[in-house]
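Report on the following structure.
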Amino acid sequence: MNQKLFPLPFNERDLEPVISAETIALHHGKHLATYVNNLNNLLPGSEFEELPLEEIVAKATGGIFNNAGQILNHNLYFEQLQAPSHDNRPVGKLAQAIDEQFGSFETFKEKFTTAATTLFGSGWAWLASDADGNLHILQMPNADNPVTKGLKPLMTMDVWEHAYYVDYRNRRPDHIAAMWQVLNWEVINRRY
Ligand code: MN
């Protein structure tokens with residue numbers, strides 16, 4: 001099945017000043033578009049050709065895994081973002097689960113921030129859930145996604161340098177600290 005470039009649910013400028021229009025244009029229009037083109041070149045004739053993206057990521061290895069993983073990761077990433085708000089907090093049953101398992105949103109935020117800032121090299125920090133609804137914070141390298149561990153991806157922060165270098169240079173912790181303002185918790189709660 002031919003992969004399409006995920007349409008942004010916001011305008012390129014909408015996330016400023018947390019993420020600049022320039023970063024969005026590069027991140028979505030160049031980086032993600034390249035993964036989509038690569039996968040569309042690799043899939044024809046492979047055993048993965050007709051599978052949904054999540055299944056390709058769960059089963060494939062090598063170049064197909066790397067490009068499919070990066071497409072799935074970025075689709076989930078861009079879908080969960082919206083214009084910044086300073087009093088942004090989780091909503092619904094996910095908000096309740098975060099309070100129950102981590103004690104408070106603030107404690108969860110600290111733990112997730114540590115995972116995102118200490119991940120060595122390129123990768124993704126994830127909030128994911130298991131079949132019993134338990135929440136997990138994961139550090140995953142490169143193109144990896146919670147579906148490879150049988151978990152459901154709920155929220156993610158991209159810590160590849162391309163996600164923040166234009167706006168924050170090498171200051172990954174500053175980027176992560178600002179990202180909490182642009183998470184769309186309605187979207188994230190619906191995934192739970
Ligand atoms: Mn990225």
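Both counts, for ligands and for their atoms, begin at 1 and track the order of listing.
Checked for salt-bridge contact, E79 and R190 miss the test: no charged N lies under 4.0 Å from a carboxylate O.
Residues A58 and V147 approach most closely at CB-O, 4.1 Å, considering heavy atoms. Looking at every heavy atom in both residues, W126 comes nearest to N145 through CH2-ND2, 3.3 Å. Of all non-hydrogen atoms in Y35 and I71, the two that sit nearest each other are O-CD1, 3.6 Å.
Each protein N/O/S atom under 2.8 Å from the Mn ion (ligand 1) was counted, for a total of 4.
A donor-acceptor pair under 3.5 Å links the side-chain atoms of D14 to the main chain of N11, judged by distance alone.
Around CD of E186, the count of heavy atoms belonging to other residues, nucleotides or ligands within 6.0 Å does not exceed 12.
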